[in-house]
Enquirer: 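Please read through the structure below; I'll follow up with questions.
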2 protein chains.
Amino acid sequence: MTKKFNSIERCDCNVIHEDIVNQARDKMAQEESLYDLAELFKVFGDSTRIRILWALHEAEMCVCDIAVLLNMTQSAISHQLRVLKQAELVKSRREGKIVFYSLEDEHVKQIFDQGLIHISEESK
Amino acid sequence: MTKKFNSIERCDCNVIHEDIVNQARDKMAQEESLYDLAELFKVFGDSTRIRILWALHEAEMCVCDIAVLLNMTQSAISHQLRVLKQAELVKSRREGKIVFYSLEDEHVKQIFDQGLIHISEESK
DNA sequence: TAGTTATATGAGCATTTATTCAAGTGTTTT
DNA sequence: AAAACACTTGAATAAATGCTCATATAACTA
């Protein structure tokens, strides 16, 4: 009854597997950008944003075109484009009244593809 | 004043860019698994889960080892391992009282790597 | 059998997030 | 200059999410 279940206490495993834990600790330190990585994937982890990216991979498009394509309001699309721009996944170009959006670079496609490989393996 | 701002109405662009929009529409139909893809990236889009995956890439580990490594409660880790397992990113193996978790396959690493490439490009 | 250890799980709570609504900016047209 | 158009933005709201706490389960141990 003295044991507090919800505290971060060491258990016997931690001692038994000490070398494994320390090894993993080194690996964690090695990659300090794991938080940035999570932020990047968070941007991909929304169906609206991923559909925008997928559409832009075909062609440069303006906000209202994307809106009708995804059957959503311009406002909603504009908000999400802002997120995508902050993540440096898309860039924009103004031509008069119209603002055209396109993919920032080619990595986007590669991140997509790796994900799709996993999806297709899953459904086997 | 008759214009409703927040409805999904066609604008002049949609007519002017008709072929581009239709082309993109074909591309959307082509990949009906975009929602699954978003779900996958959503799992990667959390720092706790991505650190778990990163740790497991080094070695198979039990729940309490991961907990001390990330300085979090066993409960929190267990909840996240459940999410990772449902996404088929990790698998588990029981050995007496202890449950060992490991990566389901090698795609995980590749998805990681693509993300890291983007991160490193960004910070240039 | 009772107690301990390792893990899982359901409910509750606080935070984040995606969308909507309303109002704004910037550009073109009349 | 005024109206129309394409887009942006801030506030509000509803839904989703991650963690905590308490409890449950499963395996081992005394």
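Sequence lines set the chain letters: A, B, ... in the order given, protein chains first and strands last, and positions in each chain run from 1. All values below come from the heavy atoms of this structure, side chains included, with hydrogens, waters and symmetry mates left out.
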Enquirer: Which residues satisfy the ring-ring contact (aromatic ring centres under 6.0 Å, His included) test with A:Tyr101, sequence neighbours excluded?
Expert: none
Enquirer: Going by salt bridge (Lys or Arg N to Asp or Glu O under 4.0 Å), name the residues that satisfy it together with B:Asp12, two or more places apart in sequence or in a different chain.
Expert: none
Enquirer: Between the protein and nucleotides 15-18 of chain C, list the N/O to N/O atom pairs that are separated by less than 3.5 angstrom.
Expert:
{"residue": "C:dA18", "atom": "OP1", "partner": "A:Arg49", "partner atom": "NH1", "Å": "3.2"}
{"residue": "C:dA18", "atom": "OP1", "partner": "A:Arg49", "partner atom": "NH2", "Å": "2.9"}
{"residue": "C:dA18", "atom": "OP2", "partner": "A:Arg49", "partner atom": "NH1", "Å": "3.3"}

Enquirer: Could you state the NE2-P distance from B:His17 to D:dA6, rounded to the nearest angstrom?
Expert: 10 Å
Enquirer: Walk me through it: do A:Ser78 and A:Gln80 pass the test side chain to side chain donor-acceptor pair (under 3.5 Å)?
Expert: CA-CA 5 Å; A:Ser78 188; A:Gln80 296 299 356; over 6 Å; no
Enquirer: May I have the distance from B:Leu70 (atom CG) to D:dG18 (atom P), rounded to whole angstrom?
Expert: 15 Å
Enquirer: Could you go through nucleotides 9-15 of chain D and list every protein N or O atom that sits under 3.5 Å from one of its N or O atoms, giving the distance for each pair?
Expert:
{"residue": "D:dT9", "atom": "O4", "partner": "A:Ser75", "partner atom": "OG", "Å": "2.7"}
{"residue": "D:dG10", "atom": "O6", "partner": "A:His79", "partner atom": "NE2", "Å": "2.8"}

Enquirer: Tell me the interatomic distance from B:Asn14, atom CG, to D:dC5, atom C1', rounded to whole angstroms.
Expert: 12 Å
Enquirer: Using heavy atoms to find the nearest nucleotide of DNA chain C for A:Ser47 and A:Asp12 separately, return the residue whose nucleotide is more 5′.
Expert: A:Asp12
Enquirer: What is the distance, rounded to the nearest whole Å, between atom CG of B:Leu81 and atom P of D:dC19?
Expert: 12 Å
Enquirer: Would you say B:Ser102 and B:Arg93 make side-chain contact, with heavy atoms under 4.5 Å?
Expert: no
Enquirer: Is any side-chain heavy atom of A:Ile98 closer than 4.5 Å to a side-chain heavy atom of B:Cys13?
Expert: yes
Enquirer: Could you state the atom-to-atom distance from CG of A:Asp65 to P of D:dA6 in whole Å?
Expert: 10 Å
Enquirer: Considering residues at least two apart in sequence or located in another chain, which fulfil the ring-ring contact (aromatic ring centres under 6.0 Å, His included) criterion with A:Phe41?
Expert: B:Phe41, B:Phe44
Enquirer: On the 0 to 90° scale, with breaks at 30° and 60°, tag the B:Trp54-B:Phe112 ring pair as parallel, tilted or perpendicular.
Expert: tilted
Enquirer: Do B:Glu39 and B:Lys42 sit within salt-bridge range, that is, some charged N less than 4.0 Å from a carboxylate O?
Expert: yes
Enquirer: Figure out the OH/P separation between B:Tyr35 and D:dA16, and round it to whole Å.
Expert: 15 Å
Enquirer: Taking the minimum atom-to-atom distance to the side chain of B:Lys97, which one of D:dT8, C:dT28, C:dA6 wins?
Expert: C:dA6
Enquirer: Taking five pairs at each end of the helix from C:dT1-D:dA30 to C:dT30-D:dA1, what angle separates the two helix axes (nearest 10°)?
Expert: 0°
Enquirer: Starting from C1' on C:dA8, measure out to CD1 on B:Ile77 and report it in whole angstrom.
Expert: 14 Å
Enquirer: Any heavy-atom pair between the side chains of A:Asp105 and A:Glu88 that's under 4.5 Å?
Expert: no
Enquirer: Looking at B:Tyr101, does any N or O in its side chain come under 4.0 Å of the phosphate oxygens OP1/OP2 on C:dA8?
Expert: yes
Enquirer: Without hydrogens or angle criteria, can the side chains of B:Gln114 and A:Gln114 be said to hold a donor-acceptor pair below 3.5 Å?
Expert: no
Enquirer: Find out whether A:His107 and B:Ile117 are in side-chain contact, i.e. whether some heavy atom of one side chain is under 4.5 Å from a heavy atom of the other.
Expert: yes
Enquirer: Evaluate the side-chain proximity of B:His118 to A:Leu89: yes if any heavy-atom separation is below 4.5 Å, no if none is.
Expert: yes
Enquirer: For DNA chain C, whose closest nucleotide is more 5', that of A:Arg94 or that of B:Arg94?
Expert: B:Arg94
Enquirer: May I have the distance from B:Arg93 (atom CZ) to D:dA26 (atom P), rounded to whole angstrom?
Expert: 20 Å
